[in-house]
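Ligands are counted one by one from 1 in listed order, and the atoms in each one are counted from 1 as well. In this text the structure is predicted, and so the values were computed from the model without any measurement.
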Amino acid sequence: MNVPLLDLQPQMSRFRDQVLEAVTSVIDSTRYILGSEVSRFEKEVAAYCGTGFGIGVSSGTDALLASLMALEIGAGDLVLTTPYTFFATMGSILRVGARPVFADIDPDTMNIDPAQVERILADDQAGRKKIRAIMPVHLFGQCADMQPLLELAARYGIPIIEDAAQAIGAQYPLEENGAVTWKKAGAMGTAGCFSFFPSKNLGGIGDGGMVVTSDSGLDRILRSCRDHGADPKYYHRRIGGNFRLDPIQAVVLSIKLPHLEEWHRARRRNATLYREYFSQAGLTDNPVVLPREAYGGLEGAAEVNYHIYNQFVIRVPDRDRLRSFLQENSIGCEIYYPLCLHQQACLAPLGYGDQTFPVAEEAARQALALPIYPELQQEQIAYVVEKISEFF
Ligand SMILES: *Cc1c(COP(=O)(O)O)cnc(C)c1O
């Protein structure tokens, strides 16, 4: 049996006619930059997330970059983030001339650990006060623990930029005045950043991204930042970039957005099947550690997507050999991520060489992502678990 890590074919076959028609109409309109299709999609995403505004940009990376630029974070500034994420999180910080400060992760969720964040912020406040923002990542489709992070951000008066590239639609139980409201990823911080890279839960037919915010002033600045800092056209009080979303991507994404919740549910159903098969095989906890759902047991959790499973990442000993074994058996799998950010060669000249983050480093040695896409079949999941069982 062949089990690819991701198969985009079923979704594209289902919407192919609609997509061709919509793309053709963009081509025939000869309006190829921004325009009504992009505005409409921005409003749809903002409504989906419960934010006032959405600003379509060229990628998730550029969503992060534009957010940092809009908040005037640059040379001499520090941004607090996780060492265990895709490179773009840190790449965007470095590209505005700022430097990352890392807080180690929580071993259960692999998201940034608020206790570490608190300690680092307290040190910074007592000293040079250079940390200008917190950039948590909602890794693999589950929100970082936003409640304590939002409290810390408010206490120290610094913004949170959510890297929600893997988590559009993921919900977090935020407690306000004693009641729990399930908030969407990206809608809790000052700005939330999404990616429409094809492998994300909402993927385009190329690169795309969006920033969401409920701050109308920031919305205006972000629109300017994505267009060389112009406001109005040809007048530049700031330096932005060309970070615009194409209408061709916007029309495709508009077709797919109404089906996103259904796809999230299918991914969660697949996660449940993995849990059942792993437990039947007697592999859970040892040697296979399954991804932990941090918010699943809470009130109202049954009705929401507290985890959208952009990736289903297990932790295992002997990970590299298991990966080869699965690949030999035609099972797609991937390592997210083999190296932590503080270990990347490009950071070495900046003096990060002797830093260690033991929890993140252990995750980088053990993590393995298994196929989880919505159209995956039950027999395929059973086969993956059967082969992992055979390996151990
Ligand atoms: C995918 C991703 C990005 C970057 O998004 P692109 O659209 O590929 O630029 C940023 N951060 C995280 C955590 C991601 O997974």
Side-chain angles (χ1 to χ4, degrees), residues 5-6 8 38 41 45 54-69 79-96 100 102-103 105-106 109-112 133-144 146 149 160-170 185-186 189 191-212 222 225-226 241-246 248-250 252-253 256 267 291 307-313 334-342 344 360 363-364 367 369 372-373:
L5 182 62
L6 174 64
L8 296 173
V38 171
F41 178 59
V45 172
I55 301 93
V57 293
S58 33
S59 68
T61 305
D62 291 341
L64 296 168
L65 198 54
S67 299
L68 289 163
M69 286 178 166
V79 177
L80 187 43
T81 191
T82 164
Y84 189 65
T85 169
F86 179 57
F87 179 78
T89 312
M90 167 173 90
S92 64
I93 296 168
L94 291 166
R95 281 177 61 198
V96 296
F102 298 117
I105 57 170
D106 175 289
T109 62
M110 301 193 245
N111 276 320
I112 199 166
I134 310 173
M135 194 184 274
V137 178
H138 305 316
L139 198 69
F140 304 142
Q142 176 169 246
C143 288
M146 289 298 287
L149 295 180
I160 290 186
I161 301 170
E162 295 175 64
D163 182 342
Q166 301 180 4
I168 188 166
C193 299
F194 299 121
S195 163
F196 306 123
F197 186 81
S199 70
K200 307 292 160 108
N201 286 33
L202 180 62
I205 53 169
D207 282 307
M210 190 163 298
V211 186
V212 291
L222 283 162
C225 284
R226 78 166 169 198
N242 176 351
F243 304 139
R244 297 177 299 248
L245 180 68
D246 290 337
I248 287 200
Q249 297 305 330
V252 175
L253 292 162
K256 293 176 99 182
R267 286 171 181 266
H307 198 323
I308 61 157
Y309 285 104
N310 179 243
Q311 301 294 344
F312 187 84
V313 176
E334 188 54 273
I335 297 170
Y336 301 118
Y337 298 90
L339 212 54
C340 298
L341 295 184
H342 64 283
Q344 295 292 348
I372 188 80
Y373 61 92

Main-chain N/O of Gly192 paired to Glu162 side chain as donor or acceptor, under 3.5 Å
no
Under 3.5 Å, is there a donor-acceptor pair between the side chain of Tyr337 and the main chain of Ala363?
no
What pair of heavy atoms forms the shortest contact from Ala88 to Leu64, and how long is it?
O-CD1, 3.8 Å
Got an N/O contact under 3.5 Å between Leu64 and ligand 1?
no
Any idea which heavy atoms bring Ala63 and Ser67 closest together, and the distance?
O-OG, 2.7 Å
Any heavy atom of Thr85 under 4.0 Å from ligand 1? The part involved is side chain
Is the shortest N/O to N/O distance between Ser195 and ligand 1 below 3.5 Å?
yes
Quick one: nearest non-hydrogen protein atom to atom 11 (N) of ligand 1, plus distance?
Asp163 OD2, 2.8 Å
Where on Ser59 is there a heavy atom closer than 4.0 Å to ligand 1, on the side chain, on the backbone, on both, or on neither?
both
How far apart are the closest heavy atoms of Gln142 and Asn111, and which atoms are they?
O-ND2, 3.0 Å
Which atoms of ligand 1 are found less than 4.0 Å from any heavy atom of Val137?
13 (C)
Suppose we measure from atom 9 (O) of ligand 1 to each protein heavy atom; which comes out shortest, and what is that distance?
Thr61 OG1, 2.5 Å
Residue pair Phe197, Phe86: steps toward the ring-ring contact (aromatic ring centres under 6.0 Å, His included) verdict:
CA-CA 13 Å; Phe197 186 81; Phe86 179 57; 8.0 Å; no
Minimum side-chain heavy-atom gap Leu341-Tyr84 below 4.5 Å
no
If we count only N and O atoms by modelled type, under 3.5 Å, do the side chains of Asn310 and Asn201 hold a donor and an acceptor together?
yes
Any nitrogen or oxygen of Asp207, main chain or side chain, under 3.5 Å from a nitrogen or oxygen of ligand 1?
no
Mark up the atoms of ligand 1 that fall under 4.0 Å of a heavy atom belonging to Gly60, in ascending order.
5 (O), 6 (P), 7 (O), 9 (O)
With atom 2 (C) of ligand 1 as the reference point, say which of Lys200, His138, Met135, Gln166 has the nearest heavy atom.
Lys200
Taking only heavy atoms of Ala88, which atoms of ligand 1 are found under 4.0 Å from at least one of them?
4 (C), 10 (C)
